[in-house]
Protein chains: 2
Amino acid sequence: MDIRTLCLGILSLGEATGYEINKMVAEGSFSFFSQASFGSIYPALTKLTNEGLVTCRAESQQKRPDKKIYTLTKAGRETLTQELKRSPGPDRNRSDFLAALLFAEAVSPARIQDLIDDRIYEHRHKITAFESLLEEDMSVGSRFVVEYGLAMQHTALEYLKKRRRIFDSAKPERDDHKAEAKLAS
Amino acid sequence: MDIRTLCLGILSLGEATGYEINKMVAEGSFSFFSQASFGSIYPALTKLTNEGLVTCRAESQQKRPDKKIYTLTKAGRETLTQELKRSPGPDRNRSDFLAALLFAEAVSPARIQDLIDDRIYEHRHKITAFESLLEEDMSVGSRFVVEYGLAMQHTALEYLKKRRRIFDSAKPERDDHKAEAKLAS
DNA sequence: AGCAGGATATATACATATGATATAAGGGCG
DNA sequence: CGCCCTTATATCATATGTATATATCCTGCT
């Protein structure tokens, strides 16, 4: 799914500005399975406007750039429906963390364990964020997606907690009591 | 991590051709956490060669394009080490499937359930592939990564199996006994 | 026997996406 | 009072993905 379709989809849930779309994708419930930034969202919205798939209504604000509120048109909704009829492409996951572990034969176990511990911290953080998202009202679809993301985060967290000492065999008596205390859930 | 660094990393595990690198990324144990294609790999290798981070040795074959076997240089290994010292960027997951579920208020529950069932099938397939990878000899890092991927696949599979009827509330008596029989693990 | 499709192998053009930067003003905090 | 974060838009250079081109061999199907 390209960014244009992503924008159509988000606008199908209600009108929004480019700024708001960016926030949804960067932080909201969309953040688990998509990513995009200003550099792709703004050009996409401009293009969609030119093609008549969305309309743009400017709302002037004092001393700020005008808010440009985008609304899906009927043609846009049809395009989105067509797009959703095609079977979705495969998931694509990119993880510099996992890549680093694979290439890191030369890296010290201590450094690897730090990386893993950072990761554990981040997963905890994300789980908290996702759980607070769930408290809001949401559609069946949104709830399904957020709980899916939550399940994945939990699995990653548990895996890392269980296996964090795995690279340590060369130096079994490492001093990381502090780290372990911090990690005790 | 950009494609250049990814190539350096793969070459740090042993020399390879562009074609082989592509296969590793598209199908091998790298496929879980990275993706790249000819269009990015070949230019990256050319650039790395010009910069002296890899060397290229051509091996002529009868009636086929020469094999270009790339080897990491000392400078390349140092660049990789430097790169791995930086803390890895956040994971990025993109899923057209989950996006479709979010935008699919208008799509029929039957269609959604088909999508989910396809997904279940694919996860099963991937789990089998990952499990056969594990039978081979591999480094601690590789095993860690593949088992991580396996855990994630299992979670996704179980989640989808458990919740596949969730969109069905509007039409509780759907005839999908066949599908359910097929899904019985 | 013949032929289609997939594997081997490299390469590039074009469209799209990312990341950094620019502009401009308000509010919170030490 | 200055510093950084938030609101709000936008563009540019570079990186990446998609599709295509070229050429040959092998496997399976009819």
Side-chain angles (χ1 to χ4, degrees), chain A residues 1-8 15-28 30-31 33-51 54 56-70 83 86 88-94 96 99, chain B residues 1-8 15-28 30-31 33-51 54 56-70 83 86 88-94 96 99:
Chain A
M1 177 172 314
D2 57 16
I3 308 262
R4 291 170 72 256
T5 311
L6 183 67
C7 288
L8 288 180
E15 53 178 33
T17 67
Y19 186 80
E20 286 164 347
I21 291 176
N22 181 63
K23 258 188 22 185
M24 287 168 164
V25 172
E27 297 157 39
F30 294 86
S31 61
F33 63 86
S34 63
Q35 90 286 349
S37 49
F38 293 136
S40 43
I41 291 170
Y42 283 118
L45 288 172
T46 306
K47 219 176 158 194
L48 289 170
T49 307
N50 294 337
E51 292 170 10
V54 305
C56 173
R57 161 169 56 91
E59 196 165 272
S60 62
Q61 306 184 110
Q62 326 91 308
K63 305 280 191 177
R64 285 227 183 136
D66 287 1
K67 239 186 207 172
K68 284 178 156 183
I69 303 166
Y70 292 92
E83 202 59 39
R86 305 176 22 180
D91 286 9
R92 284 151 46 179
N93 309 295
R94 171 174 294 189
D96 288 5
Chain B
M1 178 174 313
D2 57 17
I3 306 264
R4 291 170 73 257
T5 310
L6 183 66
C7 288
L8 289 179
E15 54 179 33
T17 67
Y19 187 80
E20 286 165 346
I21 292 176
N22 182 64
K23 257 188 22 186
M24 288 168 163
V25 173
E27 298 157 36
F30 294 86
S31 61
F33 62 85
S34 63
Q35 90 286 353
S37 47
F38 292 135
S40 42
I41 291 170
Y42 283 116
L45 288 171
T46 306
K47 218 176 158 195
L48 289 169
T49 307
N50 293 337
E51 292 169 11
V54 304
C56 173
R57 161 169 58 90
E59 196 166 272
S60 63
Q61 308 185 110
Q62 327 92 307
K63 307 280 193 178
R64 285 230 182 132
D66 287 2
K67 236 184 206 174
K68 286 178 156 182
I69 301 166
Y70 293 92
E83 203 59 39
R86 306 174 24 178
D91 286 9
R92 284 151 47 178
N93 310 295
R94 171 173 296 190
D96 288 4

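Bear in mind the structure is a predicted one, so any value in this text is a computation, not a measurement.
- Atom CD of A:Glu59 and atom CD1 of A:Ile69 lie 4.0 Å apart (nearest 0.5 Å).
- Summarising the geometry of A:Tyr70 relative to A:Thr49, their closest heavy-atom pair is CE2-OG1, 3.4 Å, with the distance given to 0.1 Å.
- Between A:Ile21 atom CD1 and D:dA8 atom P there is a gap of 13 Å when expressed in whole angstrom units.
- Within 4.0 Å (heavy atoms only), A:Thr17 reaches sugar-phosphate atoms of the nucleic acid but no base atom.
- Between B:Phe38 and B:Tyr42, the angle of the ring planes stays under 30°, which puts this pair in the parallel group of the 30/60° scheme.
- The distance between atom CZ of B:Arg4 and atom C1' of D:dA15, rounded to the nearest whole Å, is 11 Å.
- For the pair A:Arg92 and D:dT18, the criterion of a side-chain N or O lying under 4.0 Å from OP1 or OP2 is met.
- Put simply, the residue from B:Ser31, B:Cys7, B:Ser37, B:Ser34 that forms a side chain to side chain contact (heavy atoms under 4.5 Å, CB included) with B:Val25 is B:Ser34.
- Within the 4.0 angstrom heavy-atom criterion, base atoms lie near B:Gly39.
- In the set D:dT9, C:dT18, C:dA17, the nucleotide with an atom closest to the side chain of A:Lys68 is D:dT9.
- Between A:Lys23 and D:dT7 there is a side-chain N or O to OP1 or OP2 distance below 4.0 Å.
- Considering every non-hydrogen atom in both B:Gln35 and A:Asn93, the closest pair reads OE1-O, 4.2 Å.
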Original post:
A:Ile21 and A:Leu45: side-chain contact (heavy atoms from CB on, under 4.5 Å), yes or no, with the steps?
Top reply: CA-CA 10 Å; A:Ile21 291 176; A:Leu45 288 172; 4.2 Å; yes
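- Closest approach of A:Ala58 to A:Asp66, counting heavy atoms only: CB-OD2, 4.4 Å.
- Here the P atom of nucleotide C:dT18 and the OH atom of A:Tyr42 are 15 Å apart, to the nearest Å.
- Here the P atom of nucleotide C:dT18 and the CD1 atom of A:Ile41 are 9 Å apart, to the nearest Å.
- Between the NZ atom of B:Lys67 and the P atom of C:dT8 there is a distance of 10 Å, given to the nearest Å.
- Between B:Ser40 and B:Ile3, the shortest heavy-atom contact is OG-CD1, 3.7 Å.
- When each of B:Ser40 and A:Ala36 is assigned the nucleotide of DNA chain C with its nearest heavy atom, B:Ser40 is the one assigned upstream, toward the 5' end.
- Not one side-chain nitrogen or oxygen of A:Tyr19 sits closer than 4.0 Å to the OP1 or OP2 atom of D:dT9.
- For B:Tyr70, whose side chain is taken as the heavy atoms from C-beta onward, the closest listed nucleotide among C:dA11, D:dA15, D:dG17 is C:dA11.
- Atoms CG (B:Asp66) and P (D:dA23) sit 15 Å apart, rounded to a whole Å.
- Protein atom NZ of B:Lys47 is 12 Å distant from nucleotide atom C1' of D:dT16, rounded to whole Å.
- Note on the helix from C:dA1-D:dT30 to C:dG30-D:dC1: angle between the axes of the first and last five pairs equals 40°, rounded to 10 degrees.
- To the nearest angstrom, P of D:dT18 lies 11 Å from CD1 of B:Ile3.
- In this model, the phosphate group of D:dG17 is not approached by any side-chain N or O of B:Arg94 to a distance below 4.0 Å at OP1 or OP2.
- Among the nucleotides D:dA10, C:dA17, C:dG19, the one closest to the side chain of A:Phe38 is D:dA10.
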